[in-house]
Amino acid sequence: EGTEIVQHGGAYAGSLSMFAMVPSLKCGVIILTNGDYHPLQETLKWQILDALLNRNAIDYTNAAIERRNQRQSLDTSIIQGEKPLPSIAAVPGQMQKTLVGSYECPQYGQAWIKNEGDRYVLYLEHHPMVTGVLIYKEKNLFECVYSHPMFGSTNFVFHLRDGNITGFDLSIDSFIEDSIYPFYKK
């Protein structure tokens, strides 16, 4: 609501942390936790910041629990190959020819999309243990169902020029990160 907030969080096995400053108030919040994945560092940060800014706070904890439940209910049978996907033949012909390949994002690095039998799979340079199954939705839109539930399931917009794919916008569950990373075809 027009108030500058500078923040950064971090995680390592067994701990999560969050740092947030409100320069106009000359105030900051540091939250250190000793647990792997939980929403406390985010929900508590926003509760405190709302109190400092005299805002009526929403129930951040319930919102986080709802998002977690949605992630946990993702259909893992898609990732595990137990459930058939919509046919990759549904992807328009020219897009099929140009979807597979190497991509690059200046902020992130490399990504690869491979055709593995009946599915398109996304691989990420800096997250080698995480993959994403790409499911064609319509026009230039694919759903990416990540192999790690924390990353969730998000929609990717693919960019086209003359029917050829030139790149896509990568995102993950917005609770983890709101950024969109543009990847360009190499």
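- With hydrophobic clusters built from ILVMFWY side chains whose heavy atoms lie under 4.5 angstrom apart, Val157 does not share a cluster with Ile180.
- Using a 4.0 Å cut-off between charged nitrogen and carboxylate oxygen, Glu42 and Lys45 count as a salt-bridge pair.
- Below 30°, between 30° and 60°, or above 60°: for His127 and Tyr108 the angle between ring planes is below 30°, a parallel geometry.
- Residues Gly109 and Phe183 share a closest heavy-atom pair of O-CE2, 3.5 Å.
- Residues Phe151 and Cys144 have side chains not in contact (no heavy-atom distance under 4.5 Å, counting atoms from C-beta outward).
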| task | Decide side-chain contact (heavy atoms from CB on, under 4.5 Å) for Ile113 and Val121; before the verdict, give the C-alpha distance in whole Å, the side-chain angles of both, and the deciding distance to 0.1 Å. | result | CA-CA 6 Å; Ile113 296 176; Val121 181; over 6 Å; no
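- Using a distance-only test at 3.5 Å, with no hydrogens or angles considered, a donor-acceptor pair links the side chain of Thr166 to the main chain of His159.
- The distance from the CZ atom of Arg161 to the NZ atom of Lys185 is 12.0 Å, given to the nearest 0.5 Å.
- Within the model, atoms CZ of Phe158 and CG of Leu99 stand 5.0 Å from one another, a figure rounded to the nearest 0.5 Å.
- For the atom pair Thr3 OG1 and Leu52 CG, the distance stands at 11.0 Å (nearest 0.5 Å).
- Leu49 and Leu44 end up in the same hydrophobic cluster when Ile, Leu, Val, Met, Phe, Trp and Tyr side chains are linked at under 4.5 Å.
- The shortest distance between side-chain heavy atoms of Trp46 and Ile5 falls below 4.5 Å.
- Connection of Phe168 to Tyr123 is not established within any shared hydrophobic cluster, with ILVMFWY side chains joined at heavy-atom distances below 4.5 Å, either directly or through further cluster members.
- Between Tyr184 and Tyr103, the ring center distance fails the sub-6.0 Å criterion.
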| message | Is there a side-chain contact (heavy atoms from CB on, under 4.5 Å) between Ile48 and Asp50? Walk through the geometry before answering. | response | CA-CA 5 Å; Ile48 293 169; Asp50 278 349; over 6 Å; no
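- For the residue pair Gln41 and Ile31, the shortest heavy atom distance occurs at O-CD1, 3.6 Å.
- Cluster membership check: Ile172 shares its hydrophobic cluster with Val130, using side-chain heavy-atom separations under 4.5 Å among Ile, Leu, Val, Met, Phe, Trp and Tyr.
- Annotation for Tyr146 and Ser171: closest pair OH-O, 2.7 Å, computed over non-hydrogen atoms.
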| request: Decide side-chain contact (heavy atoms from CB on, under 4.5 Å) for Leu134 and Phe156; before the verdict, give the C-alpha distance in whole Å, the side-chain angles of both, and the deciding distance to 0.1 Å. | output: CA-CA 9 Å; Leu134 296 172; Phe156 287 9; 3.9 Å; yes
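- Gln94 places no side-chain N or O within donor-acceptor distance of the main-chain N or O of Gly163, the cut-off being under 3.5 Å.
- A donor-acceptor contact shorter than 3.5 Å links the side chain of Ser147 to the backbone of Thr131.
- The closest donor-acceptor contact from the side chain of Asp59 to the backbone of Thr61 lies under 3.5 Å.
- Without hydrogens or angle criteria, His8 side chain to Ala20 main chain gives no donor-acceptor distance under 3.5 Å.
- We find the NZ-CD distance between Lys186 and Gln110 to be 3.5 Å, quoted to the nearest 0.5 Å.
- For the residue pair Glu143 and Ser153, a side-chain donor N or O sits within less than 3.5 Å of a side-chain acceptor on the partner.
- Going from atom CG of Leu53 over to atom CG of Leu25 covers 5.5 Å, rounded to the nearest 0.5 Å.
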| task | Kindly determine whether Val29 and Met18 satisfy side-chain contact (heavy atoms from CB on, under 4.5 Å), including the steps that lead there. | result | CA-CA 8 Å; Val29 176; Met18 177 55 66; over 6 Å; no
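- Using a 4.5 Å heavy-atom threshold, the side chains of Val100 and Tyr120 count as touching.
- In terms of hydrophobic clustering, with Ile, Leu, Val, Met, Phe, Trp and Tyr side chains grouped at heavy-atom distances under 4.5 Å, Val91 and Leu141 are assigned to different clusters.
- The line from CG of Leu170 to OG of Ser179 is 10.5 Å long, rounded to the nearest 0.5 Å.
- Nearest approach of Pro182 to Pro106, heavy atoms of both residues: O-CD, 4.1 Å.
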